[in-house]
Every structure is written in C-alpha cells, then in structure tokens.
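Presented below is the structure to which this report refers.
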Amino acid sequence: MFGFSLSPISHISLRNQLRGVIVKIFSRNGLSFCMVDAGEKVLVEITETSRKNMQLEVGVAVYCLFKSAALKIF
C-alpha cells in the first residue's frame, strides 16, 4: 500500500514516511504515476482524481506513505 500526504502524519498504521519532491507525472487509464525524488526515486501510483484533488504537480513536496510489504526494488 502506497499513498501521499502533504505533511507528516502520526497515529496511522503506515509507519514508513519518506519526504520527497515530485519530479515527473504521467497518466494512463485514470491513474497517475508520480516519480518522487526522496534520495532515491520512488514511483507512486494513485488515481487521477486523487492527484487532482491534492493538486499534485511537478515540484510539490510530498510524503510517501507505505507499508514495507508494498516495496518493489529494481
């Protein structure tokens, strides 16, 4: 499970939070794929609706929230 926040969040089950900046966004079939530079590149998939609602654009600082089981390392 991956998600975004515009600020750190406490008291949730997603313990892993990486701060980064969105460096690229591309969309396909109602989904947005956001490349985040958090020291390493992280690709996060969210719905296009969520991206628009959060006003996520290139250059926006975000927190990537995730469960460690959701990681895929290439």
Side-chain angles (χ1 to χ4, degrees):
M1 177 176 196
F2 261 94
F4 276 131
S5 174
L6 297 174
S7 60
I9 298 177
S10 61
H11 300 91
I12 61 171
S13 64
L14 296 170
R15 299 283 181 224
N16 302 295
Q17 300 184 38
L18 293 176
R19 186 178 188 282
V21 175
I22 298 174
V23 294
K24 184 176 183 179
I25 298 174
F26 58 96
S27 298
R28 181 178 300 149
N29 299 327
L31 295 174
S32 286
F33 300 86
C34 301
M35 182 69 66
V36 177
D37 185 347
E40 295 290 333
K41 299 292 192 286
V42 178
L43 183 64
V44 180
E45 175 186 324
I46 61 172
T47 65
E48 182 70 11
T49 301
S50 292
R51 187 193 66 75
K52 288 178 181 176
N53 287 343
M54 293 181 71
Q55 301 177 338
L56 299 175
E57 300 293 339
V58 171
V60 172
V62 293
Y63 287 82
C64 300
L65 312 172
F66 62 96
K67 295 269 190 187
S68 58
L71 288 178
K72 294 178 184 174
I73 299 174
F74 299 95

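Numbers here are sequence positions counted from 1. Not measured: the values here are computed from a predicted model.
For Met54, the side chain to side chain contact (heavy atoms under 4.5 Å, CB included) criterion is met by Phe4, Leu6, Leu56, not counting sequence neighbours. Under the side chain to side chain donor-acceptor pair (under 3.5 Å) criterion, Thr47 pairs with Ser50, not counting sequence neighbours. Partners of Ser27 by side chain to side chain donor-acceptor pair (under 3.5 Å), not counting sequence neighbours, listed by chain and number: Ser32, Glu48.
Residue Glu57 comes nearest to Ile22 through the heavy atom pair O-CB, 3.7 Å, listed as atom of the first residue, atom of the second, then distance. Across all their heavy atoms, Leu31 and Glu45 have their closest contact at CD1-OE2, 3.3 Å.
Clustering ILVMFWY residues whenever any of their side-chain heavy atoms sit less than 4.5 angstrom apart, transitively, puts Val36 in the very cluster that holds Leu18. In the hydrophobic cluster analysis, where Ile, Leu, Val, Met, Phe, Trp and Tyr join through side-chain heavy atoms closer than 4.5 angstrom, Val23 is grouped together with Leu43.
Listed by first then second residue, pairs satisfying salt bridge (charged side-chain N to carboxylate O under 4.0 Å, His left out) with a partner in residues 33-43 read Asp37-Lys41, not counting sequence neighbours. Here ring-ring contact (aromatic ring centres under 6.0 Å, His included) pairs that include residues 23-61, with residues two or more places apart or in two chains, are Phe26-Phe33. Contacts classified as ring-ring contact (aromatic ring centres under 6.0 Å, His included) and involving residues 38-58 (residues at least two apart or in different chains) are not found.
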Listing, residues 59-66 side-chain donor-acceptor contacts under 3.5 Å, not counting sequence neighbours, or none:
none

